[in-house]
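Input: a single structure, listed below in structure tokens.
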Amino acid sequence: MPELPEVETTRRQLLPICKGETIADIKIHQPVLLKNCDAEEFRYQLIGRTIDDIDRLSKYLIFRCGEVFPVVHLGMSGVFLKDRADSKYPKHIHVEWTFESGKQLFYQDMRRFGKIWLYKEYPVFEKLGIDPISQTLTVERLNELLQKRRTNMKLFLMDQQKLSGIGNIYASEILFESGILPHRETTSLDDKEIKLLYDKIHEVLQWAIDNFGTTYSAYQTVNGEAGKMQTYLKTYQRAGDSCKRCDGIIEKEVMGSRSTFFCRSCQF
DNA sequence: TCTGACCTGCGA
DNA sequence: TCGCAGGTCAGA
């Protein structure tokens, strides 16, 4: 389930494979993934272009290819895979990129929730909230966002129009590390809790990036390996297990149609 | 503001 | 065979 750390890991691993490569061919097996152009237009605009760089904005990957910018959202199960001589052709490959050097790159998406756009100028996502590890997010800005919308903390962290990049797994982990119950109202946090929340948002996301993200089902790195962060998660998918910090038991509750994991003994 | 649909594989 | 997993968005 690609959240910010998984997308950033993907970006870092794509760079040495793609940067400076010129696109020789693109095969699109699932045109439905393309959201603002058809397959012909996508191929026409990109074949012959060189990938100059890859940016990440929250959960979006922005490829810089001269004057055109393909943008990819990995959805729930989207992954980029580099070609491996020893492997069979993987299932659910929807887009194949071939470079002039002969290297290949595959976009695989088992559940087809991923999306691809093509922009002819650098894209601006007006509805997207602040990238939580960008310098734009300060303690003061976080406080403003918390006061702006009266909801519970779990839904706040997952609201992509406020903070964009945190998903279900890291929302539970961030709240656990902050000692804040997911049910708490955003306006109920005091200054000390807001500062701690700010620190833990950075700490948890950076920790996950350092460990190449979390693999539970579909996610794998560009090199075809699993992430390592699932080893360190303290709440996600641990309902009924003992808390790693106190004597409590990890509970599970559905909030906003998503499973939420927490410990009542050390989150208040 | 909230809920359900989209989608496929896995485990009970 | 059915429920569950969850990011996003349309519709209520």
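Within every chain, numbering begins at 1; the chains are lettered A, B, ... in the order of the sequence lines, protein sequences first and strands thereafter. What you see is a predicted model, and the numbers here were worked out from it, not measured in a lab.
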Starting at atom CD1 of A:Ile169, determine the distance to atom P of C:dC4, rounded to an integer number of angstrom. 18 Å
Step-by-step side-chain hydrogen bond (donor to acceptor under 3.5 Å, both in side chains) determination, A:Thr214 to A:Gln230: CA-CA 5 Å; A:Thr214 299; A:Gln230 62 280 5; 4.9 Å; no
What's A:Lys127 touching, base or sugar-phosphate or nothing? Going by heavy atoms closer than 4.0 Å. nothing
Heavy-atom nearest nucleotide on DNA chain B taken for A:Arg258 and for A:Thr151; more 5' hit belongs to A:Thr151
Round to a whole Å and report the spacing from CG of A:Asp159 to C1' of C:dC9. 13 Å
Run the salt bridge (Lys or Arg N to Asp or Glu O under 4.0 Å) check on A:Arg245 and A:Glu177 step by step: do they pass? CA-CA 10 Å; A:Arg245 184 190 288 157; A:Glu177 295 294 346; 3.7 Å; yes
Rounded to the nearest angstrom, tell me the gap between atom CE in A:Met158 and atom C1' in C:dG7. 8 Å
Between C1' of C:dG7 and CG of A:Leu74, the distance in whole Å: 11 Å
Do you see a donor-acceptor pair shorter than 3.5 Å between the side chains of A:Gln30 and A:His92? no
Quick check on DNA chain B: between A:Ser257 and A:Gln30, whose nearest nucleotide comes earlier from the 5' end? A:Ser257
Under 4.0 Å from OP1 or OP2 of C:dG7: is there any side-chain N or O of A:His73 that close? no
Parallel under 30°, tilted from 30 to 60°, perpendicular over 60°: which one fits the rings of A:Trp207 and A:Tyr232? tilted
Hydrophobic clustering (ILVMFWY, side-chain heavy atoms < 4.5 Å, transitive) - are A:Phe63 and A:Val71 grouped together? no
Figure out the OH/C1' separation between A:Tyr236 and C:dC4, and round it to whole Å. 10 Å
Just N and O in the side chain of A:Lys252: are any of them under 4.0 Å from OP1 or OP2 of C:dA5? yes
Mind calculating the distance between CG (A:Leu33) and P (B:dC6) to the nearest angstrom? 17 Å
Residues A:Thr50 and A:Thr22: side-chain donor-acceptor under 3.5 angstrom: yes
Nucleotide of B:dC2, B:dC7, C:dG7 approaching A:Glu3 most closely (side-chain heavy atoms): C:dG7
Distances under 3.5 Å only, N/O to N/O: pair up the protein atoms with those of nucleotides 9-12 of chain B.
from, atom 1, to, atom 2, distance (Å)
B:dG9, OP1, A:His92, NE2, 2.7

Side chains of A:Tyr60 and A:Ser164: is there a donor and an acceptor less than 3.5 Å apart? no
note: A:Lys115, atom NZ; C:dA10, atom C1'; distance rounded to Å ~ 11 Å
Once you round it to whole Å, what is the distance between C1' of C:dG7 and CG of A:Leu157? 15 Å
Output the single nucleotide from B:dG4, C:dT8, C:dC4 whose closest atom is nearest the side chain of A:Gln160. C:dT8
Check every strand shown and say whether A:Ser259 touches a base, only sugar-phosphate, or nothing at a heavy-atom separation below 4.0 Å. sugar-phosphate
